[in-house]
Trainee: 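Take a look at this one; I'll ask things after.
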Protein chains: 2
Amino acid sequence: MDDETAPQKGTVTQRAIERIKAMIGEGRLEPGQRLPTERDLAVQLGISRSSMREAIRALTVLGVLEARHGSGIYVTQLEAGDLLETFGVVADLSRGPQLVELLEIRRILESTATALAAARITPDQLAEVEKHLAAMNATDDPEEILAHDLAFHREIAAAAGNETMAAILEGLSSRTFRARVWRGYQEEGAFARTRREHAAIHRALAARDPEAARAAAAAHVGEVEQWLRAQLGP
Amino acid sequence: MDDETAPQKGTVTQRAIERIKAMIGEGRLEPGQRLPTERDLAVQLGISRSSMREAIRALTVLGVLEARHGSGIYVTQLEAGDLLETFGVVADLSRGPQLVELLEIRRILESTATALAAARITPDQLAEVEKHLAAMNATDDPEEILAHDLAFHREIAAAAGNETMAAILEGLSSRTFRARVWRGYQEEGAFARTRREHAAIHRALAARDPEAARAAAAAHVGEVEQWLRAQLGP
DNA sequence: GGCTCGTAGTGGTCCGACCACCTTGCTGGT
DNA sequence: ACCAGCAAGGTGGTCGGACCACTACGAGCC
């Protein structure tokens, strides 16, 4: 049926990428499964090993495949975390107005996630959130504050019960992204305000009040968003 | 200053990818700018052309670079559309519970985008929306309906004024993603319901009522979401 | 002056060789 | 019989060179 008479569109590497994606989409390749060797795959698709390697490399950076040196090539679990790792690249390379747009998206998703978390969070998860909140308030090292800040929001996103959303928020809070924005933000003595906002979020979670949680999270991200907007304006 | 003494971590290709990303992040490579040739780049980074090509291919699929056969390699405009093209891959390869999570995210973003659009849409944009709405109701060809359905939502997302959000929604409505879900959904005589929902969205936009628009959009996506959730359950 | 066509330079493809690493199974001892 | 250690085969990773396909630009012609 599907013989290998090349349809002659695009580069051979691009075609190879599509073929492998199709194989996974059709279920012929399951998550975690091991693929044939680069050499065999090249023969099967009728292309050179070089071109096949480029296709594999492309699918690797997309989080679809995983190459283990000396062992073989495997399909990832195709979970949100695997596939959305590249989302961080977007955040890292965005500048100016695009950063504001990303923060607007984060505000929307983070407020919803926090609201969901207020309704679903378990005592254990809440304890974890409190741990990071306390650690954040107990130090003055910006590096450590940032780390606990990230963990604080990550824990909340996880409690919302949507792994895909958590993965996107993770990308929107990636280390370099936050570092770039917060460097300037925190210099204006925003520490106190940040602590108040985090406390408000925690209060809403502890009270299991979704609407209060949504408002607190939206205000928290919105503060940074407005600050950044002002930085770009005049 | 920064000599090329290899830090010896990861594969040389991975290192090359990071170096180029860093160059763009630091502003040493501007959007639209032409890069040196593959051969020159390979020499500069002290690696073979093969490895350099893999790095370039990886950055190409990420939407960061663009290779023009016979001309050269260029940095893309680094706009939302360029970088978020890969988001469609996520939607295409997701299955089962993950599809529901993606629809939940789409519901959140689409409802917000529609609300924003209700406040910001121009008469011209509204006319465009109406055109697709009418075309959608004037045919029975599922293929054509789907196309106008996509355009309908795309126009609204554009009117919301956040290009990044529009690009994400575009990925969440990618052709294969919609086709897979809607195939089953529409078979259950959901056409009439869909038309009513689209009409409600349009009514809210024309009335410039953000809250009504938010509710209508959330209900629209929510219907599909609930249907899909039911499909997976028992 | 405008058009055509050749040519230099670019990315695209292929090949073959070697290296670094992991896996496996055999070997040798206890 | 069991296990530690070693050896070989297989795998992805890297390299260099060659050739092809396409684009861009300028010399030459009309």
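As the structure is a computational prediction, the values presented were derived from the model and not from experiment. In what follows, chains are A, B, ... by sequence order, proteins preceding strands, each numbered from 1.
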Trainee: May I ask you to say what A:Thr11 touches in the nucleic acid, namely base, sugar-phosphate or nothing, with a heavy-atom cut-off under 4.0 Å?
Mentor: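 Sugar-phosphate: the residue A:Thr11, judged by heavy atoms under 4.0 Å, touches backbone atoms but no base.
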Trainee: Which part of the nucleic acid does A:Ile73 contact within heavy-atom distance under 4.0 Å: base, sugar-phosphate only, or nothing?
Mentor: sugar-phosphate
Trainee: Under a 4.0 Å N-O cut-off, is there an ion pair linking B:Asp92 with B:Arg180?
Mentor: no
Trainee: For a 4.5 angstrom cut-off between non-hydrogen side-chain atoms, does B:Leu62 reach B:Leu83?
Mentor: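 The answer is no, as the side chains (C-beta and beyond) never meet within the 4.5 Å cut-off.
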Trainee: Starting at CG of A:Leu41 and ending at P of D:dG10, how long is that distance when rounded to a whole Å?
Mentor: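 From A:Leu41 CG to D:dG10 P: 18 Å.
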Trainee: For B:Glu38 and D:dG17, give me the distance from atom CD to atom C1', rounded to whole Å.
Mentor: 15 Å
Trainee: What is the distance, to the nearest angstrom, from the CE atom on B:Met52 to the C1' atom on D:dG16?
Mentor: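 In whole Å, D:dG16 C1' and B:Met52 CE are 15 Å from each other.
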Trainee: Evaluate the side-chain proximity of B:His153 to B:His198: yes if any heavy-atom separation is below 4.5 Å, no if none is.
Mentor: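 Sidechains of B:His153 and B:His198: in contact.
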Trainee: Just how far, in rounded Å, is C1' of D:dG12 from CD1 of A:Ile56?
Mentor: 9 Å
Trainee: By nearest nucleotide on DNA chain C, pick out whichever of A:Arg39 and B:Leu35 is the more 5' one.
Mentor: B:Leu35
Trainee: Is it true that B:Arg106 and B:Glu104 make a salt bridge, defined as a side-chain N closer than 4.0 Å to a carboxylate O?
Mentor: no
Trainee: Looking at every non-hydrogen atom in both residues, tell me the closest pair between B:Ile108 and A:Leu109 and how far apart they are.
Mentor: CG2-CD2, 4.1 Å
Trainee: If I take atom CG in residue A:Leu45 and atom C1' in nucleotide C:dT13, what distance separates them, rounded to the nearest angstrom?
Mentor: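 Result: 15 Å.
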Trainee: From the set D:dG12, D:dT14, C:dG12, return the single nucleotide nearest to any side-chain atom of B:Glu54.
Mentor: D:dT14
Trainee: Determine whether more than 12 heavy atoms belonging to other residues, nucleotides or ligands lie under 6.0 Å from atom CZ of A:Arg95.
Mentor: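 Yes, the 6.0 Å shell around CZ holds more than 12 heavy atoms from other groups.
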Trainee: I want to verify a distance call: between C:dT13, D:dT11, C:dG12, whose nearest atom is closest to the A:His69 side chain?
Mentor: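 Selected nucleotide (nearest to the side chain): D:dT11.
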Trainee: Can you tell me the distance, in whole Å, between the CG atom of A:Asp40 and the C1' atom of D:dT11?
Mentor: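 Taking CG of A:Asp40 and C1' of D:dT11, I get 11 Å after rounding.
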Trainee: Just the atom pairs and distances: protein N or O near nucleotides 4-9 of chain C's N or O, under 3.5 Å.
Mentor:
unit_1, atom_1, unit_2, atom_2, d
C:dG9, N2, B:Gly70, O, 3.4

Trainee: Starting from P on C:dG12, measure out to CD1 on A:Ile17 and report it in whole angstrom.
Mentor: 12 Å
Trainee: With a 4.0 Å limit, can you tell me whether B:Arg57 has a side-chain N or O closer than that to the phosphate oxygens OP1/OP2 of C:dT13?
Mentor: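 For B:Arg57, the contact criterion (side-chain N or O under 4.0 Å from OP1 or OP2 of C:dT13) is met.
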Trainee: Assess whether a salt bridge exists between B:Glu54 and B:Arg57, defined as any Lys/Arg side-chain N lying under 4.0 Å from an Asp/Glu carboxylate O.
Mentor: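 Salt bridge absent between B:Glu54 and B:Arg57.
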Trainee: Looking only at the side chain of A:Ser51 (C-beta and beyond, no hydrogens), which of the listed nucleotides C:dT13, D:dG12, D:dT14 gets closest?
Mentor: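 Side chain of A:Ser51 sits closest to C:dT13.
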Trainee: Are the charged groups of B:Lys131 and B:Glu128 less than 4.0 angstrom apart, N to O?
Mentor: yes
Trainee: Select base, sugar-phosphate, or nothing to describe what B:Ile47 touches, counting heavy atoms under 4.0 Å on all strands.
Mentor: sugar-phosphate
Trainee: For A:Arg49 and for A:Val12, locate the closest nucleotide of DNA chain C by heavy-atom distance; then report the residue assigned to the nucleotide nearer the 5' terminus.
Mentor: A:Val12
Trainee: What is the distance, to the nearest angstrom, from the CZ atom on A:Arg53 to the P atom on C:dC19?
Mentor: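 It is 17 Å, rounded to the nearest whole Å.
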Trainee: Would you classify A:Arg68 as touching base, sugar-phosphate or nothing, given that sugar-phosphate means primed atoms plus P, OP1 and OP2, and contacts are heavy atoms under 4.0 Å?
Mentor: sugar-phosphate
Trainee: Can you tell me if B:Ser50 touches the phosphate of D:dG13, counting only side-chain N or O atoms and a distance under 4.0 Å to OP1 or OP2?
Mentor: no
